[in-house]
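Heads up, the thing below is written out as structure tokens.
As the structure is a prediction and not an experimental result, all values here were calculated from the model.
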Amino acid sequence: MKYDPTAIEEKWQKKWEEEKTFSVTEDQSKPKYYLLEMFPYPSGKIHIGHVRNYTIGDVVARYKRMKGHNVLHPIGWDAFGMPAENAAIEHKIHPAKWTHENIDHMKMQLKRMGFSYDWDREVATCDPKYYRWEQLFFIWMVEKGLAYKKRSTVNFCVKCDTVLANEQVEGGLCWRCGEEVTEKVLDQWFFKITAYIEELLDYCDKLPGWPERVMTMQKNWIGKSYGCEVDFPLIGSEGAIKVFTTRQDTLFGATFMLVAAEHPLVMELAKGKPCEGEVRSFVEKVKKQDKLMRTSEYYEKEGLFLDSYCRNPLTGGEMPVYAANFVLADYGTGCVMAVPTHDQRDFEFAKKFNLPLIVVISPKDKMLDPATMTEAYVDEGILVNSGQFDGMENTKVLEAIADFLEAQGKGKRTIQYRLRDWGISRQRYWGAPIPMINCDLCGIVAVKEEDLPVVLPENVVFSPEGGSPLAALKEFVDTTCPKCGGKARRETDTMDTFVESSWYFDRYCSPDCDTKPGLDRKKLDYWMPVDQYIGGIEHAILHLLYARFYTKMLRDFGVLGVDEPFTNLLTQGMVCKETTKCPEHGYVFPEQAADGKCHLCGKDIIIGKTEKMSKSLKNVIDPDYLVKTYGADTARMFCLFAAPPEKDLEWSDQGVDGSFRFLGRLWRIFDEYVEDIKTVAPASAGTASDGELKALRRKTHQTIRKVTIDIEDRFHFNTAISAVMELVNTLYAFGRPAKENTAALAVVREAIEAAVLLLCPIVPHMTEELWQMLGHKTPASDMPWPVFDPAIACEDEMTIVIQINGKLRSRMTVSVDEGEEKIKNNALADEKIISFIGDLNVHKVIYVPGKLVNIVAR
RNA sequence: GCCUGGGUGGCGGAAUUGGUAGACGCAAGGGACUUAAAAUCCCUCGACUCUUGCAGUUGUGUGGGUUCAAUUCCCACCCCAGGUACCA
């Protein structure tokens, strides 16, 4: 019989669907295992990145299931977001319709891949049954001060016509569309993620199951730094300029003061002075430049003297105050003490404006002369020109100076963070409405809990000019105040879609719960936390940090009993492919570049760099095409075989052929034996065998051992597959036993069954089919994972390598239980070894058990 | 600049704790089967040298070091990828 993937795959998929094979409930008798892959945005079609991500997850889910775990493996849709709204504007299709059509199509595609999802738990975040609870949490957050409204300058993307969180600005560009980000002043809702900042940071060291680099990225993003807040009294007027510094050791070298151009103090100081007009135009100029300049390589340091002075609190020296374009208004106090001798930026600024330099840290081996310095000295050293602190090491004096400042009342220790609160207001339609009402009399009032959800109205008008369609819908906006009953207006901003993805994994545990708070604590206590989370590295900061915060908050609301949502995290690499380019028609799809010629003009195709698959580069592989040509099993196998999951995967058409060929090979060897082994029981623990049979059994059990370790400990499916390939190769090399030789056929059957079960999580359709053809009534996926017998897996002979001075010279085969002395003597008696040693004296003989003998001879 | 990773045949990748470098697959070459092709099955396959052998030398980005032994540990450097960036 020929291998026909389509027929087999559709048969089993139908069965899984009809029998709800993978639907689960809380079962106290089994250990639970919650396996989660990052849910997709329903953009229209699944792409190869999804296929890889979900295949990795599916293998683990199926493996754990065979290992006896009660596996929760859900899927859903991150269904709110801009593309739906853009489609509405461009194609005049309602976002809801567009989204649901996409979901239907993608759902079909996922089912066609044979993923073992519990489809009963499917969740779409655009469903009011989902976001109503998010609105409830929002109200609670407002009550607890964890959500608040603030007028602030925000990152704004003109193209997307919406606000972006700091985390969503990448190098000054919008993370989604790549448009230049501008600033805008708006009333915005914020989530007080900073309320949990210390806990978020703490747990960075308490999540051993997360990749080191993700934790590092999060730590850096939180950006905790210790320092002092120091007051620099103004000369000639009241008050002082407050400065944050981590380098109080350089305080004696502070010779001028820098204030962020946007800082209100700038205009205050300049007010009424001759420089006022000049300062104002400088501030305007910087405000306009700011975002543009920040992305530029050559950021010109500019500043303007404010005709004001302050006093260095330790030296008493007069310090001119400058407005500067390179000082950040929203970090620290927005003012910086400048120490030109020990900070490169300050040094450049001082040179430009001819400001004084005082060396306060001296390297141990030489003297610094301010007159001849060409750059700031930023390394460690001994304090000089620093009064009572002279002679101390700068790294050790930090505490002493902080103590001194506190004792003198001139400053105090403080901690600064880089992380800001999370701005979640979006001026978009297709998102969860913020359940707030603006009343002229009562101010901002929350919608009553019993009035939730605030349903997103459908009958809105989309205009290409942007602007929120919600704000334009009178019947939505006009409402009554829940407090005074008077006329009031609804909040028309919607929430950032990262809010929905911050708790969808909780919702999966009780997807149909329709009583407050929408999460069934009992069920959550059973399933949470997620044991294994799998997704792209691109979410290392944004989604993962938000989800961690939201989890801690829900815990404090009593909704949830865990501190962290994801115990183990696997970040899988991207899928890449070489680009194909026609000199005339630009990037072309791979199928348009067959035989190296452009399909339009016949010109030679230029093979470009290997890059992440993307529509714009046209270096994409259509999963539908793959499934149609090779079947889902081959697509799954190739995704796993070509590279370990955390690495980028380079797509190779030949590689896919290779995977397909292997499945065919397995199929054929099976087909060759199936009639003969159908009636034979597989070899089992008690079966004794020797010679070739013993060797095959050994290989079988070694393969079980290797595959189990590779999947369990490392998720290295590529080496697991290699191991099964080796077993299949061994079967091909094995002499075909006669029909009557049931002892031999039992061993063959054991090997074939092992191969089938070991591959079951990877290529579930084909293995189910083979399993059934063997006469089994229980499906392969319901079988326990095979166990190996160490006694059978154990070799009875071993090859010992003989080295002389670390160089491989000979090898010998000995029994595994051979003693050390005998092995050493054998090695020394080896003919080749004797001739190599020649006149040399043997100093030492080292034996590494089971591996080698190294003879040290001089 | 800083923080992470990483650099192994023609290619994707193995080598789990310092102990036989290159498993497995792809590509390539050869053979078998076939009228032929495809498919399939088998064999060879890092480089160099010669005395062509169960041979020797060399070889895991570069240069040093530790060790009986280094792809693996240490130091310095080069390159690549990701993150981040005037954070005071």
Side-chain angles (χ1 to χ4, degrees), chain A residues 2 170-172 211-221 223-225 227 243-248 250 254 258 260 293-295 299 301 324-328 330-339 342-346 348-349 378 416-418 537-538 540-541 571 573-574 638 641-644 646-659 661-662 664-665 668 706 709-710 713-714 716 718-726 728-729 732-733 799-811 832 843-858:
Chain A
K2 217 178 150 267
E170 293 174 349
E212 187 67 36
R213 62 178 181 140
V214 174
M215 295 284 59
T216 312
M217 279 159 74
Q218 293 213 349
K219 276 189 211 167
N220 290 343
W221 192 263
K224 183 177 186 175
S225 53
V243 154
F244 172 74
T245 181
T246 55
R247 292 296 306 274
Q248 58 268 26
T250 63
L258 297 168
M293 295 297 279
R294 199 157 293 175
T295 58
Y299 197 78
K301 286 177 182 36
N325 65 342
F326 63 95
V327 175
L328 300 173
D330 51 0
Y331 182 79
T333 61
C335 307
V336 177
M337 67 173 202
V339 184
H342 304 294
D343 181 287
Q344 188 56 28
R345 295 158 299 180
D346 297 346
E348 286 166 29
F349 195 89
V378 293
Q416 277 292 326
Y417 299 94
R418 207 182 88 108
I537 184 72
E538 65 272 21
I541 299 172
T571 49
M574 299 179 301
F638 177 71
F641 183 62
E646 66 276 11
K647 271 190 85 161
D648 285 350
L649 180 151
E650 195 184 329
W651 195 263
S652 136
D653 292 332
Q654 292 101 333
V656 181
D657 278 333
S659 294
R661 258 202 307 264
F662 167 71
R665 215 168 134 78
R668 276 186 301 275
K706 169 113 181 101
I709 292 170
D710 283 349
D713 298 356
R714 313 194 299 164
H716 277 205
N718 55 336
T719 51
I721 292 169
S722 301
V724 183
M725 284 174 167
E726 281 186 56
V728 171
N729 288 348
Y732 268 88
T799 303
I800 297 293
V801 163
I802 312 172
Q803 299 181 334
I804 296 174
N805 298 330
K807 263 191 186 148
L808 180 86
R809 290 304 183 196
S810 182
R811 54 186 94 217
K832 277 175 78 183
H843 283 249
K844 207 161 140 192
V845 180
I846 295 152
Y847 173 57
V848 181
K851 300 275 185 195
L852 56 79
V853 173
N854 190 16
I855 298 161
V856 185
R858 305 252 179 252

Checklist entry - Going by atom types alone, do A:Asn729 and A:Arg665 pair a side-chain donor with an acceptor below 3.5 Å? => result yes
Checklist entry - Between B:C80 and B:G61, how far is it from one P atom to the other, in whole Å? => result 16 Å
Next on the checklist: In this structure, how many angstroms lie between the P atom of B:A39 and the CZ atom of A:Phe662, rounded?
Outcome noted: 19 Å
Item to check | Interatomic distance, A:Arg665 CZ vs B:C24 C1' [rounded to whole Å] | outcome: 12 Å
Item to check | Inter-nucleotide C1' distance (B:A14, B:U60), Å rounded | outcome: 12 Å
Checklist entry - What is the nucleic acid contact for A:Ser652, judged by heavy atoms within less than 4.0 Å: base, sugar-phosphate only, or nothing? => result nothing
Checklist entry - Out of B:C41, B:A27, B:G12, which nucleotide sits closest to the side chain of A:Gln654? => result B:A27
Checklist entry - Can you check whether A:Arg213 has a side-chain N or O nearer than 4.0 Å to OP1 or OP2 of B:A81? => result no
Next on the checklist: If I pick the C1' atom on B:C45 and the same atom on B:G10, what distance separates them, to the nearest angstrom?
Outcome noted: 11 Å
Next on the checklist: What is the distance, to the nearest angstrom, from the NE2 atom on A:His843 to the P atom on B:A69?
Outcome noted: 13 Å
Item to check | Value in whole Å for how far the C1' atom of B:A81 lies from CE of A:Met217 | outcome: 13 Å
Item to check | OP1 or OP2 of B:C87 under 4.0 Å from side-chain N/O of A:Arg345 | outcome: yes
Next on the checklist: Rounded to whole Å, how long is the line connecting atom CG of A:Leu649 with atom C1' of B:C11?
Outcome noted: 14 Å
Checklist entry - B:C3, B:U16, B:C87: which one has an atom nearest the side-chain heavy atoms of A:Ile709? => result B:U16
Item to check | Pairwise C1' distance for B:C24 and B:G5, with rounding to whole Å | outcome: 25 Å
Checklist entry - Atom CD1 of A:Ile804 and atom P of B:C68: how far apart are they, to the nearest Å? => result 17 Å
Next on the checklist: Under 6.0 Å from the ring centre and within 45 degrees of the ring axis: does the NZ or CZ of A:Lys301 meet both conditions for the six-membered ring of A:Phe326?
Outcome noted: yes
Checklist entry - So what does A:Arg811 hit on the nucleic acid, given a heavy-atom distance under 4.0 Å: a base, only sugar-phosphate, or nothing? => result base
Next on the checklist: With a 4.0 Å cutoff (strictly under), does any side-chain N or O of A:Lys807 reach OP1 or OP2 of B:U58?
Outcome noted: yes
Checklist entry - Heavy atoms, side chains only, cut-off 4.5 Å: are A:Leu808 and A:Leu852 in contact? => result no
Checklist entry - With sugar-phosphate meaning primed atoms plus P, OP1 and OP2, does A:Asp346 contact a base, only sugar-phosphate, or nothing at under 4.0 Å between heavy atoms? => result nothing
Next on the checklist: Could you tell me how far B:U71 sits from B:U8 if I compare only their P atoms? Round to whole Å.
Outcome noted: 15 Å
Checklist entry - Counting side-chain heavy atoms from C-beta on, which of B:A88, B:G19, B:C24 comes nearest to A:Gln803? => result B:G19
Next on the checklist: Measure CG/A:Leu808 against P/B:A69 and give the value in whole Å, please.
Outcome noted: 15 Å
Next on the checklist: With rounding to the closest Å, how many angstrom separate the C1' atoms on B:C11 and B:G46?
Outcome noted: 13 Å
Item to check | Atom-to-atom span, OH of A:Tyr847 to P of B:G18 - whole angstrom | outcome: 20 Å
